[in-house]
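Comments concern the structure below.
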Amino acid sequence: MSTIFPDNGHRILNNRAWINKALHLRLDKKVKEKQISKQISIPRTTLQSLFRRFARSGLNWPVPGHLSPEQLERLLYPGKSQQYEPVPAREIPEKRRRPNFSTEFKLHLVELSMQPDTNVARLAREHGINDNLLFN
């Protein structure tokens with residue numbers, strides 16, 4: 001993920017280097033989340049999550065200089081793998097098509113349904129179609 005934000009001209013932050021920038025703006029400069037979100041083009045909910053994770057991590061600000069952005073990311077997002085594996089493709093079942101009943105079949109059912117004392121719902125079930133279809 002690359003993020004572009006204005007800071008001494010335009011710089012590009014690769015991977016999770018935006019984490020340091022967001023923490024710097026929030027903890028050193030006391031910038032509000034909304035302004036940080038606009039400045040570095042990161043959703044506010046992502047920033048809120050970052051700040052919660054940082055608070056729970058027990059790390060002090062500023063983080064030790066020996067921590068790279070990747071190491072900081074692994075500390076804050078421990079379950080996230082650096083190697084992204086593609087999700088295996090699922091087999092998509094063939095879409096069921098609506099049945100096309102022949103005109104003869106339809107006329108036959110209509111004739112049967114017009115007989116006196118005929119239960120249309122039962123007639124539909126006996127022929128494997130929906131009751132409403134035959135009523136309509």
For this session: Find out whether Ser57 and Leu76 are in side-chain contact, i.e. whether some heavy atom of one side chain is under 4.5 Å from a heavy atom of the other.
Result: yes

Problem set entry | Side-chain touch Lys34/Lys38, heavy atoms, less than 4.5 angstrom | yes

Problem set entry | Pairs meeting criterion ring pair (Phe, Tyr, Trp, His ring centres under 6.0 Å) with involvement of residues 54-75, two or more places apart | none

Exercise. Looking at Leu47 and Glu33, what are the two nearest heavy atoms and their distance?
Worked result: CD1-O, 3.7 Å

Exercise. What closest approach, in Å, do Asn130 and Asn132 show between heavy atoms, and which atom pair accounts for it?
Worked result: OD1-N, 2.8 Å

For this session: Apply the test side chain to side chain contact (heavy atoms under 4.5 Å, CB included) to residues Ser113 and Leu123: give CA-CA distance (whole Å), side-chain angles for both, the deciding distance (0.1 Å), then the verdict.
Result: CA-CA 7 Å; Ser113 68; Leu123 181 66; 3.9 Å; yes

Problem set entry | Under 3.5 Å: donor-acceptor pair, side chain of Gln115, backbone of Leu112 | no

For this session: Would you check if Pro69 and Asn20 make a side-chain contact, meaning some heavy-atom pair closer than 4.5 Å?
Result: yes

Problem set entry | Phe51: ring pair (Phe, Tyr, Trp, His ring centres under 6.0 Å) partners, not counting sequence neighbours | none

Exercise. Is any side-chain heavy atom of Trp18 less than 4.5 Å from a side-chain heavy atom of Thr46?
Worked result: yes

Seminar exercise, completed: Rounded to the nearest 0.5 angstrom, the CD-CG distance for Glu126 and Leu109 is 10.0 Å

Problem set entry | Shortest non-hydrogen separation from Ala121 to Asn119 and the atoms involved | N-OD1, 3.1 Å

Problem set entry | Ser37 to Ile42 - nearest heavy-atom pair and separation | OG-O, 2.6 Å

Problem set entry | Pro78 and Arg53, any side-chain heavy atoms less than 4.5 Å apart | yes

Exercise. Do side-chain atoms of Thr118 reach the backbone of Val120 as a donor and acceptor pair under 3.5 angstrom?
Worked result: no

For this session: Tell me, please, which residues at least two apart from His24 pass side chain to side chain donor-acceptor pair (under 3.5 Å).
Result: Asp28

Exercise. Among Leu23, Leu25, Leu50, whose side-chain contact (heavy atoms from CB on, under 4.5 Å) with Ile36 holds?
Worked result: Leu25

Exercise. Is the backbone N or O of Arg26 less than 3.5 Å from a side-chain atom of Lys29, with the two atoms forming a donor-acceptor pair by type?
Worked result: no

Problem set entry | Phe101 and Ile129: CA distance, side-chain angles, deciding distance, side chain to side chain contact (heavy atoms under 4.5 Å, CB included) verdict | CA-CA 10 Å; Phe101 299 110; Ile129 64 171; 3.3 Å; yes

